[in-house]
Each structure stands twice: as structure tokens, then as C-alpha cells.
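Written out below as C-alpha cells is the structure these notes cover.
Along the sequence shown, the residues carry numbers beginning at 1. Computed over heavy atoms, backbone and side chain alike; hydrogens, waters and symmetry mates excluded. Just so you know, ligand 1 is whichever comes first in the structure, and atom 1 is the first atom listed for that ligand.
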Amino acid sequence: MSMDYVTSRLATEDGGPARLAYGGDYNPEQWPEEVWQEDVQLMREAGVNLVSVGIFSWALLEPAEGEYEFGWLDRVLDLLHANGIRVDLANATASPPPWFSHKYPQSLPVRADGVQLGYGSRQAFSANSPEYRRAAAALTQQIVDRYADHPAVVMWHVHNEYGCHNQPDYGGYSAAAFRVWLERRYKSLEGLNAAWGTAFWSQHYYSWEEVQPPRISGTWVNPTQQLDFARFSSDALLECYQAEAEIIRARSPHPVTTNFMGFNMGLQAPVDYWRWSRDMDIVSNDHYLIADDERNFQHLAMTADLTRGWAQGKPWLLMEHSTSAVNWQPRNVAKAPGEMLRNSLQHVARGSDGALFFQWRASRAGAEKYHSGMLPHAGTDSKVWREVVQLGKALQSIAEVVGSVVEGVQVAILHDTDARWASELDSHPSVDADALAETRRWHDAFYRAGITTDIRQSTDDLSGYRLVIAPMLYLVTDEGHANLEGFVRNGGDLVVTYFSGIVDENDAIRLAPAAGGGYPGAFLDLLGVRMEEFFPLRSGEQVQLDGYGTGSRWSELGRTTTAEALAVFTSGPVAGSPAVTRNKAGSGTAYYVATTLGTEGLDRLVQELAEGAGVEPVLPDLPPDVEAVRRSRDGQSWIFVLNHGADEAVVQVQGTELIGGTEANPLRVPGGGSAVVRLQSQPKDAA
Ligand code: GAL
């Protein structure tokens with residue numbers, strides 16, 4: 001099923017006008033039935049058109065094994081349908097009921113330290129428990145048999161945020177499944193021993209039964225074992241998704257998805273979304289602002305760009321965000337007036353065909369009762385509700401953008417799952433070598449420059465980009481390396497930062513004897529540098545460069561071979577070594593950055609890189625803290641302008657501003673405000 005189908009169907013499936021999805025998780029089972037009438041009435045008032053139902057309803061839908069109770073859900077779906085509200089129906093497998101865990105205690109997940117988790121929260125299961133898989137499949141079958149033809153249902157929501165709480169699982173079921181996975185990967189124990197480098201510390205395996213998950217040991221567990229376990233754990237959960245999705249697809253033509261968790265895909269919750277997204281009919285994602293991050297709107301932008309990458313540039317769906325505060329941070333900061341609208345439109349600007357929330361009505365009981373909802377505890381006489389109604393209207397007024405795409409993006413930032421996981425393994429040169437943080441710094445710099453970036457992986461087709469940034473691509477596969485090399489030789493500009501290309505897919509150092517050894521192994525020739533020793537910096541330490549300001553966190557001793565040094569370290573332990581270099585290779589250019597540049601230096605470098613590659617911002621001369629992103633379809637373009645600053649912004653763009661229904665020439669956006677302009681004429685070929 002193509003995503004084009006999904007977008008257009010969700011937009012117009014009942015013959016009505018095109019619309020962006022608007023709504024959120026709806027958990028009517030938390031409320032007496034008389035409240036449901038008020039729910040749908042208020043949903044209509046707010047312009048809600050899509051709700052996710054049943055995500056955590058297993059215990060009510062199957063009160064005892066094999067006994068199903070669907071009466072209440074029938075009534076909910078009928079009521080929603082009667083009110084024109086479409087349903088993204090869950091198969092309810094995210095939270096096995098207490099009766100299940102009580103009956104099958106062996107299905108509960110086990111932590112690395114051997115502690116078996118209890119039930120009483122959610123996701124209390126091991127992905128490899130046959131009892132769980134059997135029960136989840138049976139429930140899915142029941143639900144899809146009953147509701148496949150229900151006219152309210154337009155989409156399927158499998159599970160919820162796979163791996164959020166129960167990943168990875170180190171119990172017996174996972175140990176057995178891990179061995180099977182390893183046998184499939186390595187064919188023989190010799191293969192496994194070689195890949196894991198078991199000659200080190202006397203770890204040689206002589207039989208498969210000896211192989212265990214990387215449970216807590218006296219000190220660092222074999223890093224390749226950890227990396228493989230992350231890969232295996234992601235695959236095990238994916239098998240659960242695939243089995244449930246297959247049951248649904250056999251019976252229903254509607255799109256199937258599961259909601260992703262953005263960048264929360266690290267080693268602690270290993271789910272390889274690049275791999276998973278191939279099994280989504282529409283990629284959907286959840287995003288929550290982190291209160292401590294003062295520029296969390298930039299984190300939002302980066303996450304939306306990543307989600308668009310998983311969707312291969314096609315429209316995707318924001319499945320969850322919050323109307324205001326969440327409940328799970330140390331200080332749950334509420335949203336300022338206008339912030340929710342801005343957040344929602346930011347996601348839409350970057351490719352989401354809608355804005356959905358967790359959740360419709362704020363709970364009165366349970367662990368999330370302090371989490372905001374579309375309908376807050378304060379009711380309709382409230383800031384949140386007024387803004388929910390306002391957002392519904394805003395989404396209606398810009399509905400024509402449905403199905404358009406963020407096209408012509410000229411810069412890609414790489415974020416490979418394996419590289420991220422491997423970079424997070426223990427006993428590395430410095431805790432400050434943080435792939436996610438370095439990726440954010442580079443994304444932020446392009447954001448400040450007003451340049452839209454895609455986020456892709458090193459093995460993707462990069463030929464459409466002019467400039468590719470590889471921030472800490474610590475692990476690079478042969479395939480990824482060849483792809484990047486080809487990209488440069490065919491005329492692309494590539495930036496590789498420190499601690500990249502260091503290990504192969506087995507986390508073994510890439511030694512490069514042909515070039516005389518040295519780092520960064522995979523990229524020595526392409527970059528024309530040869531580094532011989534890492535010199536991580538002390539916490540807070542800064543070193544001077546003779547160009548691009550200062551460096552922090554990292555430096556390294558080495559020299560250029562064929563590259564030209566654009567800047568060298570002039571202070572610190574490696575004074576005289578190259579810090580920023582440029583090397584011609586084929587008809588392209590490869591840059592190396594051997595430290596974390598300060599904001600000013602990084603901005604200057606990004607400016608030069610953009611000029612060198614002929615990359616332009618979406619709009620010239622954007623005021624600071626003002627974001628502009630363009631979506632296009634069939635020769636028509638819309639520019640989203642989000643003013644994250646406090647002052648009014650004047651932006652040089654002509655066209656119709658759709659939310660206010662005014663003509664813009666220029667556009668004036670108040671502090672904290674948002675605007676969407678249908679362009680009269682096409683700007684230059686910029687993204
Ligand atoms: C998400 C989850 C929702 C809800 C929300 C609270 O991770 O999918 O069910 O818990 O967080 O922010």
C-alpha cells in the first residue's frame with residue numbers, strides 16, 4: 001500500500017473536503033458512558049476528525065482468557081461514526097491485563113540485572129514470550145474480525161510506542177531467541193567468535209548454550225554482544241508488530257501503523273525505526289517537548305525532519321504531542337499561549353498531515369492524571385480548550401496542504417541506528433563523544449541559517465543532496481562507506497566529524513594499513529587526513545583554533561595527507577594538528593571537523609559550506625528565532641512561518657496568509673505567532 005493512498009484516503013475518504021487529521025488518543029473507558037455524549041459534542045466543536053481508540057483497553061475487551069466483551073466499544077465506535085469522527089483503531093496489545101501476567105508470570109520482562117519486572121503499569125511482557133504473542137494475536141484477530149467493516153474505522157494503530165518500557169528483555173525466552181537470531185546471522189560459532197572478538201578476555205564460546213544476553217557482569221560486557229542484542233531486541237519487537245499487522249491486513253484495506261518515539265531509539269530502548277518504517281503504511285511519530293531544553297522547538301524540528309526521513313520524504317502523521325504540560329519530567333512546564341499552535345504547525349510544516357494529541361480528555365485517575373489533554377480538568381472555560389478550538393480552525397483553514405511534501409531539500413544529516421547504538425556503548429574515549437548531541441548541534445546550526453535539512457541514513461540514495469553531514473558516524477558499514485564515497489566522487493560535499501568511521505559493523509576498529517594506519521579508518525583517503533591519537537578534552541575545557549573560534553569536548557593528534565587545513569588547533573594538547581580540513585575527491589569535496597565547534601565557528605562553517613554547495617535558505621534574511629519551511633504540491637507552495645521569538649517579525653513573502661485570511665506583503669507575525677502563506681509566485685529553487 002503506498003503512502004499516497006494513505007494520505008489521500010485519510011484526507012478525503014468519505015467524499016468530504018481534504019483535511020488534516022486532528023484529534024488524539026480517546027480513552028472513553030476511563031469515563032462513565034454519559035460523558036461520551038459530551039465528548040463527541042465537544043470534539044465536533046473543536047473540529048476533531050480522527051481519534052485513536054482502544055490503545056490500553058485489553059483488560060476491558062478480554063476480561064478473562066478467550067472471553068471477549070465488545071459491547072462498550074461497539075457503542076463508542078457507533079457514536080463516533082454518527083458524529084462524523086473517524087477512528088484509528090488500536091488492537092490493544094500494549095498493556096496485557098493483570099489476569100494475563102498473573103497466569104503467565106514467565107511472560108514478564110527481565111532486566112539486565114536479573115530483576116523480573118512486575119505488572120501494574122503497562123507493557124509488562126517480553127517480546128519473546130510465546131504466551132504474549134499468542135494472546136496478542138488472538139486479541140488482534142477478534143478486534144479486526146469485529147471492526148474491519150465498521151464505517152468509523154479508517155486506520156489501525158498496532159500496539160503503542162513499542163519498547164518504551166520493556167526493552168530490552170534479558171529473560172530466558174529472549175536468551176533462547178537471541179541464540180537463534182545469532183545462529184541465523186553468523187551460521188557458526190566460529191563466525192560469532194570472530195565477530196565478537198572473543199579472543200579478548202577469554203570469552204571464546206564452544207557451544208550455543210553458553211551464549212547469553214549481555215546481562216550485568218563484573219565489568220563491561222562484550223560490546224559486540226551488546227550491539228547484537230540491541231539489533232536482536234529491535235527485531236524481536238518488530239516480529240510482534242509484523243505478526244499483528246499481518247492479521248489486520250488479511251482482513252482490512254486500511255493503513256496500519258504504530259507510533260514511533262522520535263530520537264528515543266538509543267541503546268536503552270533499541271528500536272531501529274529505519275528498519276521498522278518499511279513496514280508502516282504511514283509513518284507516525286510522538287513528540288514531547290523537554291522543558292529543560294530552552295530551545296526545544298529546535299528539537300521538535302529535528303525530530304520532525306527525522307520522521308520525514310523514515311517516511312522517505314512522504315507525508316507522515318504526528319500521532320501524539322501535548323496540549324500543555326506532561327507528567328513525566330522533573331518539572332512539567334506548561335505551554336505558553338500560542339505555543340501549542342506553533343508546535344502543531346511546526347510538525348505540519350515539516351511533513352505531518354495532521355496534529356494529534358495524547359489525549360482527548362485529561363484523566364482523573366491513574367499515573368497520567370497530571371498530563372494535559374485537549375479537554376483539561378478545568379473544562380471548556382480554559383486557555384487550553386480555547387486554543388484547541390483555535391487549532392482546529394487553523395488546521396481547517398490550511399487543509400489544502402494535505403498531501404504536499406517538503407521537497408527540494410539540499411542538505412541531509414545522517415543518523416544511522418547502528419552508529420548511534422555503537423556510539424552509546426561503554427568504555428569509550430570520552431562520555432562527551434555523544435552522537436545525538438553532536439547531531440543536534442549540526443541540525444541547530446542549519447536551523448539558525450534557515451536551511452531545511454532532511455535526516456537520512458548513510459545507505460540511503462543521497463544523490464539528490466548537495467551537502468551531507470555525518471555527525472559522529474562512529475560505526476559505518478562497508479555499504480554506507482561506499483555510498484558516501486560515491487556521493488563525494490560524483491560531486492557532493494560531505495562533512496565528517498570526529499569519531500566517525502572508526503569501527504565496522506561488528507564494532508571492531510577499522511585499521512587501514514594501506515594508508516599507514518590511523519583514524520578515521522574508513523574515511524582516511526576520502527578526507528585526506530591521518531589522525532594517530534584521540535585527545536578528548538576535560539569537562540568544560542576549550543581549545544583555540546586559528547579559524548572557526550574554539551573547540552571543546554574532543555581533539556586529536558594528526559596531520560593532513562592530501563587535505564588542506566582550514567583551521568588548526570593553536571592551543572591545548574594537540575596544538576598544530578588540523579581541526580577543520582577540506583579535501584577534493586573526484587568531483588566533490590570532503591570536509592573533516594576534529595572537534596565540537598562553538599556556535600559562532602560552527603555558524604561560520606555552515607555558512608561557507610552552504611555557499612560552497614550552492615544551498616540557500618527557504619527565505620533570505622529571516623529574523624532570528626523565526627522558522628520558515630516550505631511544502632509543495634503540483635507547482636503550488638506554502639510557506640509556514642513560526643515566530644519562536646518574543647518580538648513581531650516582518651518576513652518578506654507575498655501571498656495569502658491562510659489562518660488569518662489576509663494578504664501578506666510583507667508578512668507580519670507577532671511574537672510567538674504562526675502563519676501559513678500560500679505563495680503567489682514561486683521563490684527561487686530553494687528548500
Ligand atoms: C507517550 C505514550 C502515551 C502517554 C504519553 C504521555 O509516550 O504513548 O500513552 O503515556 O506518552 O506523554
Backbone of V153 reached by a side-chain donor or acceptor of H254 within 3.5 Å
yes
Passing candidate, ring pair (Phe, Tyr, Trp, His ring centres under 6.0 Å) with F260, options Y273, W274, W316
Y273
If you measure only the distance, is there a donor-acceptor pair under 3.5 Å linking the side chains of Y241 and D279?
no
Identify whether NZ of Lys or CZ of Arg in R361 sits under 6.0 Å from the centre of the six-membered ring of W31 and within 45° of that ring's axis.
yes
What part of I55, side chain, backbone, both or neither, has a heavy atom within less than 4.0 angstrom of ligand 1?
neither
min-distance protein heavy atom vs atom 1 (C) of ligand 1 -> E320 OE1, 3.1 Å
Just checking, any donor-acceptor pair under 3.5 angstrom between side chains of S344 and H321?
yes
Nearest protein heavy-atom contact for atom 5 (C) of ligand 1: which residue, which atom, what distance?
Y288 OH, 3.5 Å
Counting only nitrogen or oxygen atoms and a 3.5 angstrom limit, does D25 reach ligand 1?
no
S174 and N128: which non-hydrogen atoms are nearest, and at how many Å?
OG-ND2, 2.9 Å
Identity and separation of the nearest protein heavy atom to atom 7 (O) of ligand 1
E161 OE1, 2.3 Å
Considering only heavy atoms of N160, which atoms of ligand 1 have at least one such atom less than 4.0 Å away?
2 (C), 8 (O), 9 (O)
Within a distance under 4.0 Å of any heavy atom of W328, pick out the atoms of ligand 1 and give their elements.
6 (C), 12 (O)
Between S234 and D272, is any side-chain donor less than 3.5 angstrom from a side-chain acceptor?
no
Consider ligand 1: state whether an atom of it lies below 4.0 angstrom from any non-hydrogen atom of M261.
no
Location of contacts on H371 toward ligand 1, heavy atoms closer than 4.0 Å:
side chain
Under a 4.0 angstrom heavy-atom cut-off, which atoms of ligand 1 come close to F56?
9 (O)
The answer for which part of R122 has a heavy atom under 4.0 Å from ligand 1 is side chain
When H159 is tested against each of W276, F125, F56 for ring pair (Phe, Tyr, Trp, His ring centres under 6.0 Å), which residue passes?
F125
Just to confirm my output: which protein heavy-atom neighbour is closest to atom 4 (C) of ligand 1, and how far is it?
E368 OE2, 3.3 Å
